[in-house]
Amino acid sequence: MGKDTIADIITSIRNAEMDRKRVVRIASTNITENIVKILLREGFIENARKHRENSKSFLVLTLRHRRNRKNPSRNFRNRQIFNLKRISRPGLRIYSNYQRIPRILGGMGIVILSTSRGIMTDREARLERIGGEILCYIW
């Protein structure tokens, strides 16, 4: 685990999905809890619960899997249920106003933003007419 907690959770979820693991354990911070709430609300993950071990808090995520995937080696391109991409990073922050927030796959994917009113999706930010730092894309 590095200093970029958002990249750490994105990498953990992506690696667990590629290994077809159903459960992922990530460090619990305020930012990760808010991102997990968005993923849960948007239907990208099935369940999330908080777990405490030796004075450290973890989030245990249950990933959602497609039912029609019988043999993963045959259909390698469609192995991932969803893709996650980190946009703004500690070395290069990317900001956007509400009019220039990108639409992922014509609105099929979501953009997670950190705004002055908290972490929210692109749709919520457009409705509230506020911009912010673009954290990641999910599609």
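Given the structure is predicted, the values throughout are model-derived calculations rather than measurements.
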Side chain to side chain contact (heavy atoms under 4.5 Å, CB included) for His51 and Ser57? Distances and angles first, verdict last. CA-CA 6 Å; His51 182 70; Ser57 293; over 6 Å; no
Indicate yes or no: does Lys3 engage Asp8 in a salt bridge with an N to O separation below 4.0 Å. no
Separation between OG1 (Thr32) and CD1 (Ile6), nearest 0.5 Å, reads 9.0 Å
Working note: Arg129 + Gln99, criterion side chain to side chain contact (heavy atoms under 4.5 Å, CB included); need CA distance, chi angles, decisive distance, verdict. CA-CA 8 Å; Arg129 305 186 110 197; Gln99 296 153 335; 5.6 Å; no
Does the side-chain hydrogen bond (donor to acceptor under 3.5 Å, both in side chains) test come out yes or no for Tyr98 and Arg126, once each step is laid out? CA-CA 5 Å; Tyr98 76 95; Arg126 283 190 198 99; over 6 Å; no
Check the pair Tyr95, Ile134 against side chain to side chain contact (heavy atoms under 4.5 Å, CB included), reporting the backbone distance first and the verdict last. CA-CA 6 Å; Tyr95 297 96; Ile134 299 175; over 6 Å; no
Value for OH (Tyr137) from CG (Asn83), rounded to nearest 0.5 Å, stands at 13.5 Å
Nearest heavy-atom contact between Ala16 and Val24 is CB-CG2, 3.2 Å
pair Ile87-Leu135: side-chain heavy atoms closer than 4.5 Å: no
Can you tell me how far CD1 of Ile112 sits from SG of Cys136, rounded to the nearest 0.5 angstrom? 4.0 Å
Look up atom OG in Ser12 and atom CG in Leu59, then write down how far apart they are to the nearest 0.5 Å. 11.5 Å
Where the side chain of Ser28 meets the backbone of Phe58, is there a donor-acceptor pair that is under 3.5 Å apart? no
Non-hydrogen side-chain atoms of Glu17 and Leu63 separated by less than 4.5 Å: yes
Has the side chain of Arg25 got a donor or acceptor atom that lies under 3.5 Å from a matching backbone atom of Ala27? no
Could you tell me whether the side chain of Thr11 reaches within less than 4.5 Å of the side chain of Ile9, counting heavy atoms only? no
Residue set satisfying salt bridge (charged side-chain N to carboxylate O under 4.0 Å, His left out) with Lys21, at least two apart, ordered chain then number -> none
Using 4.0 Å as the upper bound for N to carboxylate O, is an ion pair formed by Arg22 and Glu46? yes
Does the side chain of Leu113 come within less than 4.5 Å of Ile101's, by heavy atoms? yes
Side-chain contact test, heavy atoms from C-beta onward, threshold under 4.5 Å: evaluate it for Ile26 versus Val36 and give yes or no. yes
If you measure only the distance, is there a donor-acceptor pair under 3.5 Å linking the side chains of Thr121 and Glu42? no
Measure the CG-CD1 distance between Asn30 and Ile35 for me, rounded to the nearest 0.5 Å. 11.5 Å
Under a 4.5 Å side-chain heavy-atom rule over Ile, Leu, Val, Met, Phe, Trp and Tyr, are Met120 and Leu40 clustered together? no
Using a 3.5 Å distance criterion without hydrogens, assess whether the side chain of Arg49 forms a donor-acceptor pair with backbone atoms of Val60. no
pair Leu39-Ile13: side-chain heavy atoms closer than 4.5 Å: yes
Pair Glu124 + Arg41, salt bridge at N-O below 4.0 Å: yes
Same apolar cluster (I L V M F W Y, side chains within < 4.5 Å links), Ile130/Ile31: no
Does the side chain to side chain contact (heavy atoms under 4.5 Å, CB included) test come out yes or no for Ile104 and Ile110, once each step is laid out? CA-CA 6 Å; Ile104 306 301; Ile110 63 170; over 6 Å; no
Looking only at side-chain N and O atoms, does Ser114 offer a donor or acceptor that is under 3.5 Å from a partner on Glu133? no
ILVMFWY network linking Met108 to Trp139, side-chain heavy atoms under 4.5 angstrom: yes
Here the pair of heavy atoms bringing Val111 nearest to Pro102 is CG2-O, 3.4 Å
Locate the shortest heavy-atom distance separating Arg89 from Arg86; write the atom from each residue and the value. CA-NH2, 4.0 Å
Enter the distance from Ile45:CD1 to Ile38:CD1 here, rounded to the nearest 0.5 Å. 11.0 Å
Indicate the atoms forming the closest heavy-atom contact of Pro90 with Asp4, along with that distance. CD-OD2, 3.5 Å
